[in-house]
Amino acid sequence: GPCEPCPPGEASSHVGAAACSVCAEGSFCPGAASPPLACPQNATSPPRSATAADCVCKRGYHPASAEGLGCSVREIEWRVFDLEMLEDAAPVRHTLFEVVALGTGNFTWTVSLRGGNASIFRQSPMQAEQHPGEGSPSGVVAYAAAPVALLPNANGETTWEVVLTDPSYLGGPPPVTRRKVATIRVVPVNDAPSFSFALPQARLRTTQDAGAASFPLAVGISAGPLDEAWQRLSFSIRQVGGA
């Protein structure tokens, strides 16, 4: 009898074939006399697909346009944050980086010291923890925050390299690694000098007409912590009572 056209989702292997076969994965078959049509690059479809709308981007790829024509890699969009704090400041929780758009849908990250002296910290960005950004008003999908705590009288500038890796998947895009640098600067503070009076209650007793006399005024003089030992101190004395 006469040949019947293949239904949508099926196609014949060649003109005059006795039967239709199920449209293979990664293609779609409109039916009738149309041969199987391949999905756009980096897209796939389930068996027996009938239209291009059945083609979806493979894991790790995203529609290249609003019309859904083709699929491409969407890189991670992210930003790092610098921090400046004063010497001896109280511990703070510093957001090291934010991710505002994912690539494959997942990522891994590391943070390491790139420059400076990490020994000024009691807790440093290397102890950062990742958190989901659910409910963030700025649309952040994930972020990492670190408790930054300083050792006493410590200051200086450090740089930290943050490395984000967008992993690969079977049949997906290759892994992508991106690097950014964040700076944490601890501004030195001039600590107050200290001293003690050499005499009890800072009192000197002498007699009338005794003539000139000298006596120790201060002991235990310190310009501050060790990093300020180079400073030279000066004294001034003024009369605040008596005749």
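Partners of F81 according to the ring pair (Phe, Tyr, Trp, His ring centres under 6.0 Å) rule, which considers only residues two or more places apart in sequence or in another chain, do not exist here. For R185, the side chain to side chain donor-acceptor pair (under 3.5 Å) test picks out E84, with sequence neighbours left out.
A heavy-atom distance below 4.5 Å is not found between the side chains of V162 and R179. Under the 4.5 Å side-chain criterion, counting only non-hydrogen atoms from C-beta, P91 is in contact with R122. Side-chain contact between L151 and I120 is absent, with no heavy-atom pair separated by less than 4.5 Å. Between P30 and L37 there is a side-chain heavy-atom pair separated by less than 4.5 Å. Counting heavy atoms from C-beta outward, T159 and I184 have side chains that stay 4.5 Å or more apart. At least one side-chain heavy atom of D88 sits under 4.5 Å from a side-chain heavy atom of N153.
Rounding to the nearest 0.5 Å gives a distance of 12.0 Å between CG of N155 and CE of M85. A distance of 5.0 Å separates CD of E161 from OG of S112, quoted to the nearest 0.5 Å. Taking CG of N117 as the reference point, atom CD of E157 lies at 12.5 Å (rounded to 0.5 Å). Remark: F195 CZ to S222 OG distance equals 12.0 Å, nearest 0.5 Å.
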Stepwise side-chain contact (heavy atoms from CB on, under 4.5 Å) test for L164 and F97
CA-CA 10 Å; L164 259 63; F97 69 83; 4.2 Å; yes
Given side-chain contact (heavy atoms from CB on, under 4.5 Å), test Q130 with Y143 step by step and report yes or no.
CA-CA 6 Å; Q130 182 180 327; Y143 69 96; over 6 Å; no
L150 and F121: CA distance, side-chain angles, deciding distance, side-chain contact (heavy atoms from CB on, under 4.5 Å) verdict:
CA-CA 4 Å; L150 304 173; F121 298 100; 3.8 Å; yes
Stepwise side-chain contact (heavy atoms from CB on, under 4.5 Å) check, C55 with F28
CA-CA 8 Å; C55 296; F28 61 96; 3.8 Å; yes
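Within the structure, side-chain hydrogen bond (donor to acceptor under 3.5 Å, both in side chains) pairs that include any residue of residues 24-33 do not occur (at least two apart or interchain).
Side-chain atoms of S21 come within 3.5 Å of backbone N or O of A11 as a donor-acceptor pair. Within the 3.5 Å criterion, the main-chain N or O of P46 finds a donor-acceptor partner in the side chain of S49. The backbone N or O of A182 sits nowhere less than 3.5 Å from a side-chain atom of D82 that would complete a donor-acceptor pair. Listed for the Q127 side chain is a donor-acceptor partner under 3.5 Å among the backbone atoms of S124. At least one donor-acceptor pair under 3.5 Å links the side chain of S45 to the backbone N or O of G26.
Exactly one of L96, V186, L83 qualifies for a side chain to side chain contact (heavy atoms under 4.5 Å, CB included) with V148. That residue is L83.
Disulfide criterion (SG-SG under 2.5 Å) for C6 and C29: not met.
The two atoms that bring W109 and A128 nearest to each other are CH2-O, 3.5 Å, heavy atoms only. Across all non-hydrogen atoms, the minimal contact from T44 to C39 is C-SG, 3.9 Å.
Counting heavy-atom neighbours within 6.0 Å of Q41 CD, excluding the residue itself, gives a total of 12 or less. Annotation: R93, atom CZ; neighbour count of heavy atoms from other residues, nucleotides and ligands within 6.0 Å is above 12.
Cluster annotation: V163 is not connected to V111 through the hydrophobic network of ILVMFWY side chains, with a link wherever side-chain heavy atoms come within less than 4.5 Å. When hydrophobic clusters are built by joining Ile, Leu, Val, Met, Phe, Trp and Tyr residues whose side-chain heavy atoms come closer than 4.5 Å, directly or via intermediates, V92 is grouped together with V80. In terms of hydrophobic clustering, with Ile, Leu, Val, Met, Phe, Trp and Tyr side chains grouped at heavy-atom distances under 4.5 Å, V181 and M126 are assigned to different clusters.
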